[in-house]
Amino acid sequence: MNSFRACLAFQRNRRDVARPAARRRHAQVLLLMLAWGAAAQGTSPEQLLLKDFKPRSIYRVPATKIERARHPVIDMHAHDYAKTDEQLAAWVRTMDEVGIEKAVVLSQAHGKAFDAVIARYRKYPGRFSVWCGFDFTGYDQPGFGPAAVTELERCFKAGAEGVGEMGDKGKGLSFTRPAAWGMHFDDPRMDPLLEKCGELGMPVNIHVADPMWMYEPMDQFNDGLMNAYQWRLDNQTNALSHAELMGTLERAAKKHPRTLFVACHFANCCYDLARLGAMFDSCPNLYADISARFAETAAIPRAAARFYRKYQDRLVYGTDMGRGKEMYQTTFRVLETEDEHFYDWNLFTYHWPLYGLGLSDEVLSRVYRENAQTVLQKARANAQSAR
Ligand SMILES: [Zn+2]
């Protein structure tokens, strides 16, 4: 406060009145001091708000900067982030810098919207795999099915290599336009579409549920609170539970053994990886992407690394967090290093620190690229064997 008063006195210094540059400088000093005063006040634990709590690690432990992934990478979970040719060129430059060989663009689109997306990404052959969405128009009317299958075939011929991202957080498949409220993944109306995906060799990316913290009460016991609150599902009514949604995924995968499914975000089972393991065990056509769940797994590095080792042929790398260079590098740091107790407040809002998983070369090369290639090749092989 003393320095604050001194600054005000400084401002009133009459010699400076006629010198605009000096006045500006003094105004900047004043602002800095105000900010400093506010920060100093916030250090009282009684006044500090949880949302403002952004700790910084002071441990003197290794902090590794991974400029580029150790092996070539296929990012199995990106979206249509580049809306102009310039943005697309910048994305490809970043991919080259960090070692992303190819990105799967989950467009979720059909019709003209899909055609526009695929036309843009076609300028970089081999660098992008564009996936389409189902057209659920009329899903709640009798006769739904044949037209949606025809549109799927049209997208396939136009270059769609898979379908996704579909999503059901409890009230139905709502990630596409139009949304299919009340229709879940294992609904019989989905059968002709999911069968056709197997026939055409198109893998299906599906988001079911959300991390368990979103279902917990938003109170002092919720250890994922600051992230969970943003995406809360605890206040939903008439929605399937997390366990029921896992059931829809498992039943659909079993019903369509020829179709390959990629459940994104570890099927939202980070809190209980054994649940995902059980689904892998019972569904050989099921894979999972690791996108947007780096913070959730970096909190339990030993258990997560064990899971990666056990299911190293079923997990595929993905991001789902934009196309920034630092974003890619943080994901590599989590997977490759044994760095401890670090934060990335740009990407994550959980209040726990991150720990590198230190995955082996063998596991990394599978997760980074080989499994993604397997998904695409196996889907095509299944399709051919059916013809
Ligand atoms: Zn996504």
Side-chain angles (χ1 to χ4, degrees), residues 73-83 87-88 91 94-95 100 102-110 113-114 117-118 120-121 127-134 136 155 160-177 179-180 185 197 202-214 227-228 230-233 242 245-246 248-249 252 260-270 276 286-297 315-324 327-328 330-331 334-335 346-350 367-368 371-372 375-376:
V73 178
I74 298 177
D75 179 351
M76 284 285 274
H77 197 130
H79 292 284
D80 177 24
Y81 301 129
K83 303 296 182 190
Q87 289 173 359
L88 185 53
W91 189 4
T94 303
M95 287 165 66
I100 306 284
K102 183 191 275 195
V104 171
V105 175
L106 302 171
S107 82
Q108 307 173 317
H110 53 83
F114 173 76
V117 176
I118 197 144
R120 203 173 329 123
Y121 288 88
R127 303 305 302 276
F128 296 96
S129 170
V130 181
W131 295 18
C132 65
F134 289 137
F136 290 136
C155 290
E161 293 187 17
V163 175
E165 169 187 2
M166 288 205 287
D168 183 357
K169 294 191 179 189
K171 294 190 168 188
L173 292 160
S174 57
F175 286 24
T176 37
R177 283 188 193 87
F185 202 43
C197 287
M202 300 172 89
V204 177
N205 182 295
I206 172 78
H207 177 138
V208 282
D210 245 354
M212 197 50 116
W213 296 274
M214 283 68 153
N227 186 62
Q230 250 181 9
W231 306 96
R232 66 188 299 177
L233 294 169
H242 191 284
L245 285 164
M246 291 308 130
T248 66
L249 171 63
L260 290 200
F261 297 95
V262 182
C264 52
H265 320 313
F266 286 93
N268 288 309
C269 286
C270 291
L276 175 58
L286 180 66
Y287 291 75
D289 85 35
I290 65 169
S291 70
R293 296 298 176 265
F294 292 89
E296 291 81 350
T297 43
L315 297 169
V316 296
Y317 175 88
T319 54
D320 196 23
M321 296 184 285
R323 54 182 174 87
M327 178 280 293
Y328 288 117
T330 296
T331 68
V334 168
L335 299 176
N346 291 323
L347 287 182
F348 312 118
T349 46
Y350 290 107
V367 172
Y368 271 155
N371 295 341
V375 168
L376 292 166

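No experiment lies behind these values; they were computed from the predicted model shown. Just so you know, ligand 1 is whichever comes first in the structure, and atom 1 is the first atom listed for that ligand.
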Please tell me whether F114 and W131 form a close aromatic pair, meaning their ring centres lie under 6.0 Å apart.
no

Would D320 and R293 pass as an ion pair if we require N to O under 4.0 Å?
no

When you look at E161 and S129, which way does the side chain to side chain donor-acceptor pair (under 3.5 Å) test go after all the steps?
CA-CA 6 Å; E161 293 187 17; S129 170; 3.0 Å; yes

Spell out the protein N/O/S atoms under 2.8 Å from the Zn ion (ligand 1) as residue plus atom name.
H77 NE2, H79 NE2, E165 OE1, D320 OD1

Would the Y317 and Y328 ring centres measure less than 6.0 Å apart?
no

Kindly state whether the ring of F134 and the ring of H110 have centres lying under 6.0 angstrom apart.
no

Once you round to the nearest 0.5 Å, how far does NE2 of H242 lie from SG of C269?
5.0 Å

